[in-house]
Number of protein chains: 2
Amino acid sequence: MDAAGKRVGAVRMRDVALMAQVSTMTVSRALMHPAKVSPDVRARVAEAVSAVGYVANKVAGSLSSSRSKVIGLVVPSIENSLFASTIQGISDVLRRHDHQLMIADSGYSPEAEEAAIRAFLEQRVAGLILHDTTHTAEAVTMIHRSGVPVVENGTLTASPLDMVVSYSNHDAAKAMTLHLARLGYRRIGFVSLPLATNERSRDRRAGYRAAIAEVGLPEDPRLVLEMPPGLASGAEALLRLMEGGGEPDAIFFAGDVLAMGAILECLRRGWPVPGKVAIAAFDNFDLLGHLVPPVTTLRLPRLEIGRRSAEVLLDRIQGRAAGAVSVDLRFEIIHRGST
Amino acid sequence: MDAAGKRVGAVRMRDVALMAQVSTMTVSRALMHPAKVSPDVRARVAEAVSAVGYVANKVAGSLSSSRSKVIGLVVPSIENSLFASTIQGISDVLRRHDHQLMIADSGYSPEAEEAAIRAFLEQRVAGLILHDTTHTAEAVTMIHRSGVPVVENGTLTASPLDMVVSYSNHDAAKAMTLHLARLGYRRIGFVSLPLATNERSRDRRAGYRAAIAEVGLPEDPRLVLEMPPGLASGAEALLRLMEGGGEPDAIFFAGDVLAMGAILECLRRGWPVPGKVAIAAFDNFDLLGHLVPPVTTLRLPRLEIGRRSAEVLLDRIQGRAAGAVSVDLRFEIIHRGST
DNA sequence: GCTACTGCTGATATCGGTAACCCAAACCCC
DNA sequence: GGGGTTTGGGTTACCGATATCAGCAGTAGC
């Protein structure tokens, strides 16, 4: 590197070509389409590559070919372990197909998401995966103008940008609520994460309400709460519902950390679960199954969402498929001791 | 896009230049160094940019300038929530400095790490952050030859590639063991994660042994165990140590999930903690503080490691610093009810 | 023996920017 | 008011690959 931080003296394809006594074009072919080159030349190139320590320059390659093998992913938060399995699934598939992953987090803000999308488009990514389903108008135009394929995977949204891979938050929440009703609970509380910026939360609450209506239970506002995320928040929600006059016999937490916080609060207070109140959670956070009692929850296909998202994206990029795609992955109720 | 997946018809800088009636060089300047251009031209360019919907092409830019704003990160596993805070820290700092983050995971394999490093170098990243501190010989040569700055952050290794930002796994494990000894425990068990591919695990066990030796306790092989990661694994380790004849009065789990699994097993069996056995953990997994009893553990500067790693890397890239850097971040013992 | 085709390789022109250099006008100080 | 400096902007030559097309040998077909 020189003083300005510019790298100098890297080995170029030209050096490989000189050593192998062929043109750069032939080196390029030997590396990209080995079948199009004679075995003899192929061997000479391979030898030259390792002799000079050539590391391909994909920047030049992408510029020249207008193709790239980088996928951009925007999640609301990297730290939130919820997204970790999905990212892992994406990463697994991309690695198998020799693609790279760029990640940005939006901190749940559409404006930050827009900035991340712009940065990705500037890098000329081959595709985008967005967890959120609400975007700024500017982000939407940029994406459409760029022609880059996109997968959204937060929820099965009704009006996708392009492709969707997810499960129905609405149906999942409804299914769990119906499950509780079937078990005989009649005053089912519901705690959701913030609704304003989060279509997923809204879907879940709508699902809960649909279930309540379906089984003919009265809708009691004292049974419904909206809370910020976090363990402490879950504990607080529990106490507020229990002391809020709604007298819940079961509480459905539409967020695994919230449920976790609530059940730990029960443990601390010595409240029997489900003796005093039943508790159900929304996500398959590993620990929920190991608590005392183990917590009834929904198994959501987090890893699978990542895998399938990457797959449909690659299918489109590589021309194996075209047009709208909407993959509805299944969830599953895991009935355990807490309800 | 045409049939081959090649994007067509994107807006180029040249289109902006035509509309603003200046040369492309001036557009480039107006965008990169606004101060070097008259206010009049600056305004015309800005207007033209939004009129034609120009999205800069950083691929061409990097090729031309031999500079890039992409940082490559390799972690052993994306899914493991341990790394999530570190990644978040990196991401935060990079975003503030207008850089992008590429992530790959090695699945704890040095060969996979090498492949990821090669892919990053092919993308001509401006810097690398590696969690692991053991690398293949090939990876080491590639990195040195490329001249790309590197930060390692798994542990304060004695022979870094370049820069290190971490805490001392050895000292942390030693400190916790001494803490237990000071509390009066005399038969202190130790459970570690796999040692073979993991310098961090080895450091931790060495720290444990150093402490045992320092306070003059006997080294009993029945008190030391190596286990694969996971909740179930922690529970099994607990049982094996308790029934292995070593009669531990305290167990130090060098992995938070292991400790979690053990404490939940105690809960299930109704074993009082620390009445039957005291339990200490190695990491500041949020939940540990909310369990009954809350678990004594080490607060490790995970987020800070990410932040500082990104900072020292950017300092080097942007020429604000040169030469070796070794940042030793502090850990802290959090004494709670479980010991 | 001549055309047609296939298989392999090279020359040349980009891809879309930025670096380096250059020049004209404006400004400056005695 | 002239030499020196600054300011703003254009010209040209790349950065390091790949697409395209042309060339040329071998060879198959008739």
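A note on names: the letters A, B, ... follow the listed sequences, proteins ahead of strands, and every chain is numbered from 1.
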**Q** Using heavy atoms to find the nearest nucleotide of DNA chain C for A:Thr24 and A:Asp40 separately, return the residue whose nucleotide is more 5′.
**A** A:Asp40
**Q** With no hydrogens and no angle check, is any side-chain donor or acceptor of A:Ser64 less than 3.5 Å from a backbone partner on A:Ala60?
**A** no
**Q** Please determine, for the side chain of B:Leu63, which listed nucleotide (C:dT18, C:dA11, D:dC15) has the closest atom?
**A** D:dC15
**Q** Please determine if a side-chain N or O atom of B:Arg67 lies less than 4.0 Å away from the OP1 or OP2 oxygen of C:dA19.
**A** yes
**Q** So how far is it from A:Glu138 CD to A:Met142 CE, rounded to the nearest 0.5 Å?
**A** 5.0 Å
**Q** If you find the nucleotide of DNA chain D closest to A:Ser28 and the one closest to B:Val27, which residue's nucleotide is nearer the 5' end?
**A** B:Val27
**Q** Between D:dA17, D:dT18, D:dG10, which nucleotide gets closest to the side-chain atoms of B:Val22?
**A** D:dG10
**Q** Does D:dA17 have OP1 or OP2 under 4.0 Å away from a side-chain N or O of A:Tyr54?
**A** yes
**Q** Report yes or no: is there a donor-acceptor pair, N or O only, under 3.5 Å between the side chain of B:Arg124 and the base of D:dG16?
**A** no
**Q** More 5' along DNA chain C: A:Lys36 or B:Gly61, using each one's nearest nucleotide?
**A** A:Lys36
**Q** Give the rounded distance in Å between these two atoms: CG of A:Asn57 and C1' of D:dC15.
**A** 9 Å
**Q** Before you tell me yes or no, could you show the steps for A:Phe120 and A:Leu128 under side chain to side chain contact (heavy atoms under 4.5 Å, CB included), namely the whole-Å CA-CA distance, both residues' side-chain angles and the distance that decides it to 0.1 Å?
**A** CA-CA 8 Å; A:Phe120 286 157; A:Leu128 284 173; 3.6 Å; yes
**Q** Do the side-chain N and O atoms of B:His135 and B:Glu114 include a donor-acceptor pair separated by under 3.5 angstrom?
**A** no
**Q** Given atom NZ of A:Lys69 and atom P of D:dT18, what is their separation to the nearest angstrom?
**A** 11 Å
**Q** What is the distance from NE2 of B:His33 to C1' of D:dT7, rounded to the nearest Å?
**A** 15 Å
**Q** Atom CE of B:Met13 and atom C1' of D:dG10: how far apart are they, to the nearest Å?
**A** 15 Å
**Q** Could you state the atom-to-atom distance from CZ of B:Arg14 to P of D:dG10 in whole Å?
**A** 12 Å
**Q** Report which part of the nucleic acid A:Val37 touches: base, sugar-phosphate, or nothing (heavy-atom distance under 4.0 Å, all strands).
**A** sugar-phosphate
**Q** Does a side-chain N or O from A:Ser38 land closer than 4.0 Å to OP1 or OP2 of C:dT9, or not?
**A** yes
**Q** Does a side-chain N or O from A:Ser64 land closer than 4.0 Å to OP1 or OP2 of D:dT18, or not?
**A** no
**Q** Check whether the side chain of B:Arg42 and the base of D:dG8 form a donor-acceptor pair under 3.5 Å.
**A** no
**Q** Out of C:dG10, C:dG16, D:dT18, which nucleotide sits closest to the side chain of A:Met32?
**A** D:dT18
**Q** Within less than 4.0 Å of OP1 or OP2 of D:dG10, is there a side-chain N or O belonging to B:Ser23?
**A** yes
**Q** Do you know which two heavy atoms are closest between A:Ser106 and A:Asp132, and how far apart they sit?
**A** OG-OD2, 4.1 Å
**Q** So A:Val41, base contact, sugar-phosphate only, or nothing? Heavy-atom distance under 4.0 Å.
**A** sugar-phosphate
**Q** Looking at D:dT20, D:dG10, C:dA19, which one has an atom nearest to any side-chain atom of A:Arg29?
**A** D:dT20
**Q** Find the distance B:Leu18:CG to C:dG16:P and express it as a whole number of Å.
**A** 14 Å
**Q** Nearest whole angstrom, please: distance from the C1' of C:dC15 to the CZ of B:Arg12.
**A** 10 Å
**Q** Could you check whether A:Met25 gets within reach of a base, just the sugar-phosphate, or nothing at all, counting any heavy atom under 4.0 Å?
**A** base
**Q** Within a strict 4.5 Å, meaning less than it, do heavy atoms of the A:Met102 and B:Val70 side chains meet?
**A** yes
**Q** Could you give the CD-to-P distance, from A:Gln123 to C:dC15, as a whole number of Å?
**A** 21 Å
